[in-house]
2 protein chains.
Amino acid sequence: MADRNAANLMGRGESLLFLTDDQLRRGIEAMFFAYRGFTADPDRILQEYGYGRAHHRAIHFINRSPGTTVNNLLSILGVTKQSLNRVLRTLVEDGLVDSRVGTRDKRERHLYLTEKGAGLERALSEAQRNRMRDAFRAAGPEAVAGFRAVLEQMMDPDMKRHYLDGGDSSR
Amino acid sequence: MADRNAANLMGRGESLLFLTDDQLRRGIEAMFFAYRGFTADPDRILQEYGYGRAHHRAIHFINRSPGTTVNNLLSILGVTKQSLNRVLRTLVEDGLVDSRVGTRDKRERHLYLTEKGAGLERALSEAQRNRMRDAFRAAGPEAVAGFRAVLEQMMDPDMKRHYLDGGDSSR
DNA sequence: TTGGAAAGTCAACAAGGCTGACATAAACTG
DNA sequence: CAGTTTATGTCAGCCTTGTTGACTTTCCAA
């Protein structure tokens, strides 16, 4: 709202913001500290189960897209299949995830949360949603819109696909 | 700006936002994907030097607060001294960080970037600032304010101190 | 039908978290 | 001054989660 001087040279309503290195540094540190807060509550829960963030990520995206394949999960998570496989194996062994051989293509494994897995998912996402909700409410609706707008710009373009996707990029 | 119906029951201008689980899920995934983008460019640079994110974090905060102590860094980074020490030791050995015994309190070590260390810091923070600046400009000034407001709410309260601090919580 | 690509698994290694124990020096306290 | 606390560093060992390389099974297309 402040310096909008040299604006509107760029088609859309974007102002040519004068951003000092210090303002940008604040943004960088905000991301760092906020991400820590963002993961703190689930981390505590996971610790009780002997799991880590990798397990949380797998559980989250399986819940979002039931029946998704390992390969699809790989493209979302951006890790190697060997790394994901280890996490997935423990989740299957512990009875949180069900891995079903594909009917059309028997090379594929389709992933589903079991009742037990869905239970942990609820505990994790509830904790994370509570913090997110509190932050959104305290900051107000316009802030939420801005938050989402900036984060979306910060993503790698290929990832926006997974983000915008309502879910189910499987099958 | 949308549903502001039941608002203003809460003293300040906060509306009692109706946030669906799906809206919150979007926020959660936005954090996940954006954080990946946020760290992607520095990660590439660090890889060339054989360093990781832990080194980046140390370098960042030493640069922000030259002369800071190990203990202060510990409270900012929230890791164990053993973990930080390993990183710090390699940085000192490689001549990126200078560790000087305190004059007032000789138990303390005050940390400074060397010329070489400052060089890497510039490369890392320039890459990260560029992405942050592009995102800020594309999203616009109001979005930036909202971004910061939400992130600040998401932090653990103890961490806000380090965030708001203009720097130099040393000595 | 055969050769390559794709999906998944196994083995081994590295980074960077962690805990616990212990050493040293300096500072503080009664 | 003796004893305790504080700041830092180090060693050993463990865990999670990333990596690469080699291998199997399955599918598909030439």
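Model, not experiment: these values are computed from the prediction.
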### Task
Take B:Arg44 and B:Asp41, measure what salt bridge (Lys or Arg N to Asp or Glu O under 4.0 Å) needs, and give me the verdict at the end.
CA-CA 5 Å; B:Arg44 268 188 288 275; B:Asp41 302 326; 2.6 Å; yes
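- Considering only side-chain N and O atoms, A:Thr80 lies under 4.0 angstrom from the phosphate OP1 or OP2 of D:dT19.
- Judged by distance alone, with hydrogens and angles left aside, B:Arg86 brings a side-chain donor or acceptor within reach of the base of C:dG17, the pair sitting under 3.5 Å.
- Remark: B:Asn71 is in phosphate contact with D:dT8, judged by side-chain N or O atoms under 4.0 Å from OP1 or OP2.
- Distances shown here put every side-chain N or O of A:Arg53 at or beyond 4.0 Å from the OP1 or OP2 atom of C:dG17.
- Under a 3.5 Å cut-off, the side chain of B:Arg131 and the backbone N or O of A:Met154 do form a donor-acceptor pair.
- With rounding to whole Å, A:Ile59 atom CD1 is found 14 Å from D:dT16 atom P.
- The base of D:dT6 sits within donor-acceptor range of the side chain of B:Arg107, with an N or O pair under 3.5 Å.
- The CG-P distance, from A:Asp43 to D:dT16, rounds to 13 Å in whole Å.
- You'll find that the side chain of B:His55 is closest to C:dG16, out of D:dC11, D:dT20, C:dG16.
- Here C:dG17 presents its P atom at 15 Å from CD of A:Gln47, a figure rounded to the nearest Å.
- Residues A:Val101 and A:Tyr112 do not share a hydrophobic cluster, defined by chaining ILVMFWY side chains whose heavy atoms lie under 4.5 Å apart.
- Between the side chains of A:His56 and A:Glu121, no donor-acceptor pair of N or O atoms lies under 3.5 Å.
- In this entry the distance linking CZ of B:Arg109 with P of C:dA27 reads 11 Å, nearest Å.
- Classified by interplanar angle (parallel below 30°, tilted 30° to 60°, perpendicular above 60°), the ring pair A:His162/B:Phe33 is parallel.
- Side-chain proximity of A:Lys81 to D:dG9, D:dT19, C:dG8: nearest is C:dG8.
- Of the side-chain N and O atoms in A:Arg57, none sit less than 4.0 angstrom from OP1 or OP2 of D:dT16.
- Side-chain proximity of A:Ser83 to the nucleotides D:dG18, D:dA7, C:dG8 is greatest for D:dG18.
- Computed from coordinates, the B:Leu74 CG to C:dG17 P distance equals 12 Å when rounded to whole Å.
- Here the side chain of B:Glu108 is nearest to one of D:dT10, D:dT8, C:dG17, namely D:dT8.
- When rounded to the nearest whole Å, the span between CG of A:Leu84 and C1' of D:dG18 equals 12 Å.
- Mapping A:Val79 and A:Asp105 onto DNA chain D via the closest heavy atom, the residue that lands nearer the 5' end is A:Val79.
- Under 3.5 Å, the side chains of B:Tyr51 and B:Asp94 contain a donor-acceptor pair of N or O atoms.
- Nearest to the side-chain atoms of B:Asn85 among the listed nucleotides D:dG18, D:dG9, C:dA27 stands D:dG9.
- B:Gln82 contributes a side-chain N or O that forms a donor-acceptor pair with the base of C:dG20 under 3.5 Å.
- Remark: P of D:dT26 and CZ of A:Arg104 are 17 Å apart, rounded to the nearest angstrom.
- Residue contacts shown for A:Gly50 are limited to sugar-phosphate atoms, with no base heavy atom under 4.0 Å away.
- B:Gly78 comes within contact range of the sugar-phosphate backbone alone, with a heavy-atom separation under 4.0 Å but no base atom that close.
- The distance between atom CZ of B:Arg89 and atom C1' of D:dT10, rounded to the nearest whole Å, is 7 Å.
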